[in-house]
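Working notes, structure below.
Given the structure is predicted, the values throughout are model-derived calculations rather than measurements. Position 1 is the first residue of the sequence, and the numbers go up from there.
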Amino acid sequence: MCGIVAYLGERNAYEIIIKGLKRLEYRGYDSAGIALATDNQIKLYKRQGKVSDLETYTVGKDLTGGTGIGHTRWATHGEPTDNNAHPHLSFDGSLSLIHNGVIENYSSLKQELISKGHEFRSETDSEVVIHFIEDIRRNNNCDLDEAVRLALTKIVGAYAIVIIDQNDPDLLIAARKSSPLVIGVGKGEYFIASDATPIIEYTKEVVYLNDHEIAVIRKDGLKLKNIEDVPTNPYIQTIDIELEAIEKGGFKHFMLKEIFEQPKSISDSMRGRLIAAKGHLVLGGIREYVNKLVNADRIIIIACGTSWHAGLVAEYFFEEWCRVPVEVEYASEFRYRNPVIRESDVIIAISQSGETADTLAAIELAKSVGAIIFGVVNVVGSSIARATHEGAYIHAGPEIGVASTKAFTAQVTVLSMIALVVAYKKGTISETKYHELLTELEIIPEKVETALKLDQKSKIIADRFKTATNFLYLGRGYNFPVALEGALKLKEISYIHAEGYPAAEMKHGPIALIDEEMPVVFIATKDSSYDKIISNIQEVKARKGKVIAIISKGDVLIPKIADYILEVPITHEALMPLVSVIPLQLLSYYIADLRGCNVDQPRNLAKSVTVE
Ligand code: G6P
């Protein structure tokens with residue numbers, strides 16, 4: 001969602017901000033803008049559309065100056081128009097602000113300001129914030145940072161904001177609550193962004209702003225204080241992301257690059273944690289509270305989107321290996337339902353970005369009733385990583401494509417390791433099975449590598465079905481969440497309607513949809529429900545549906561009945577999702593690309609959903 005970039009230093013702020021906004025394009029947005037504070041004025045440029053539209057618009061304009069703020073907006077309050085784009089100006093035009101988040105009490109604040117004579121140039125909640133700060137500064141005759149602080153004590157909602165002042169161009173003020181903000185610390189220069197990707201080419205030294213913290217930044221230093229006006233110490237961390245990790249490296253799209261990175265990202269998620277030959281499986285991040293998991297009467301998994309699908313796979317792991325009941329909840333439903341959380345329950349929150357607003361709020365809710373929360377997160381230092389008691393990073397590296405691929409497989413890998421640690425400690429898994437699974441897990445990257453060889457075959461099938469209007473994905477057991485994930489991948493990036501179902505449920509509804517036009521993807525690898533799924537394939541064929549089957553290598557039965565097959569290496573039934581999802585990712589990618597869709601930035605979607 002909304003992307004924030006700001007710069008203060010000796011370089012040309014415009015160039016750094018435009019480049020940074022392009023690096024944040026993956027988050028999803030519909031308009032972009034920049035404001036520069038120089039020569040005692042604010043130069044403001046904003047445009048509906050892409051960052052490239054903004055660049056075209058600024059050709060020939062005055063773009064000088066070393067202080068500026070830039071923003072990509074994902075519309076919430078007000079349509080994506082030039083006026084609603086950020087940055088926004090104060091009423092007198094001397095201050096400018098960018099904002100990511102949602103201000104819940106903007107309407108009452110706006111009415112109050114209108115009654116004082118303020119006029120607004122946009123329909124956004126964000127513009128109200130800068131008018132409000134301006135009003136407070138005028139009434140209290142105080143410094144800008146104090147006005148920001150006082151305003152934030154009255155503002156209800158989520159925000160990451162950065163402000164510039166035309167009368168004090170050597171100043172950036174930033175603050176956050178529930179929306180991410182990172183400050184890059186250079187030599188006599190500072191960078192601010194929603195995540196580290198626009199910063200890492202300039203500096204690896206960063207400060208993650210905490211909730212309710214305000215940063216007052218000048219060329220000669222960075223000062224932090226909290227909303228109660230108590231100074232806090234900036235904790236400077238060194239991040240270890242390399243520039244190549246956030247570039248396409250010869251691939252047409254980030255999504256394709258990330259699909260192909262999976263042998264490595266899965267290995268990275270196990271690195272230093274698992275050595276099968278020694279029976280070694282240690283997750284350093286879950287040591288202190290691991291007994292809470294071992295003794296849990298129930299595990300509640302909370303997540304959204306693809307992470308929720310990883311949670312569904314984990315449900316099978318924990319139930320089968322640890323013999324503990326598991327509930328997998330959409331974070332957004334969980335938090336608003338007055339859920340029953342008992343002391344003996346343990347929560348696992350899964351999130352790639354670590355910033356998903358609903359997941360974060362669900363964590364806070366569970367924490368408020370005393371639950372212990374484990375995080376399974378990709379982005380190091382993210383809000384969810386910091387909000388949880390313990391956790392295991394998935395170490396998949398930056399995922400830029402909006403449609404999650406490598407994060408899913410790394411999440412499933414890490415969740416399988418957590419479940420195995422718990423099962424072993426509980427004694428609910430036999431030694432033989434435990435060692436068998438460790439061995440199999442360790443060689444999964446090679447099997448994923450083999451599955452990636454289905455690339456060209458997937459493209460041929462994609463070409464055959466690229467004009468379909470509906471798709472059905474069916475699987476059973478461990479492959480049921482994979483069916484859901486396959487359908488989600490397709491609809492996200494190709495805009496083809498797709499549904500995932502447990503194969504046996506087909507008879508209770510979806511079978512009515514099947515005719516000779518309907519492609520049905522079966523995830524039908526050889527597992528405990530193999531015979532049953534063959535019957536389901538027959539049912540589809542009897543109604544002339546077109547069957548695309550993901551099958552285990554060497555299967556001789558399904559090739560006789562399916563129209564198209566994609567053969568994946570054999571692995572343990574529980575680990576099959578890591579392999580069977582690969583051709584589904586490839587199929588979606590190629591269908592979307594052949595339809596000419598913007599694969600990495602699908603319409604209306606955001607990578608990091610920082611509003612409810
Ligand atoms: C958005 C993204 C999905 C992602 C979901 C949950 O919808 O487009 O790819 O699965 O958010 O995000 P999280 O970062 O919490 O895993």
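- Taking the centre and axis of the six-membered ring of Tyr29, the NZ or CZ atom of Arg73 falls outside the cone set by 45° and 6.0 Å.
- Counting only N and O atoms by type, the side chains of Ser382 and Glu355 include no donor and acceptor under 3.5 Å apart.
- In terms of the salt bridge (Lys or Arg N to Asp or Glu O under 4.0 Å) criterion, Lys177 has no residue partners (sequence neighbours excluded).
- Counted by atom type alone, Tyr14 and Thr58 present one or more donor-acceptor pairs between their side chains at under 3.5 Å.
- Residue pairs satisfying the salt bridge (charged side-chain N to carboxylate O under 4.0 Å, His left out) criterion with at least one member in residues 31-45, sequence neighbours excluded, are listed as follows: Asp39-Lys43, Lys43-Asp62.
- For the 3.5 Å distance criterion, the side chains of Glu258 and Gln585 fail to qualify, holding no donor opposite an acceptor.
- Under the 6.0 Å distance and 45° angle rule, Lys110 counts as a cation-pi partner of Phe120.
- With respect to the salt-bridge test (charged N to carboxylate O, under 4.0 angstrom), the residues Lys22 and Glu25 do not qualify.
- Inspection of the Gln352 and Ser307 side chains reveals no N or O donor paired with an N or O acceptor under 3.5 Å.
- For Asp53, there are no salt bridge (Lys or Arg N to Asp or Glu O under 4.0 Å) partners, not counting sequence neighbours.
- Counting only N and O atoms by type, the side chains of Lys489 and Ser404 include no donor and acceptor under 3.5 Å apart.
- Looking at Asp92 and Ser90, their side chains do bring a donor and an acceptor atom within 3.5 Å of each other.
- Look at Asp30 and Lys50 and you find no salt bridge, because none of the NZ, NE, NH1 or NH2 atoms lies under 4.0 Å from a carboxylate O.
- Side chains of Tyr26 and Gln601: a donor-acceptor N/O pair is absent below 3.5 angstrom, by distance only.
- Arg176 forms no cation-pi arrangement with Tyr159, by the criterion of a distance under 6.0 Å to the ring centre and an angle within 45° of the ring axis.
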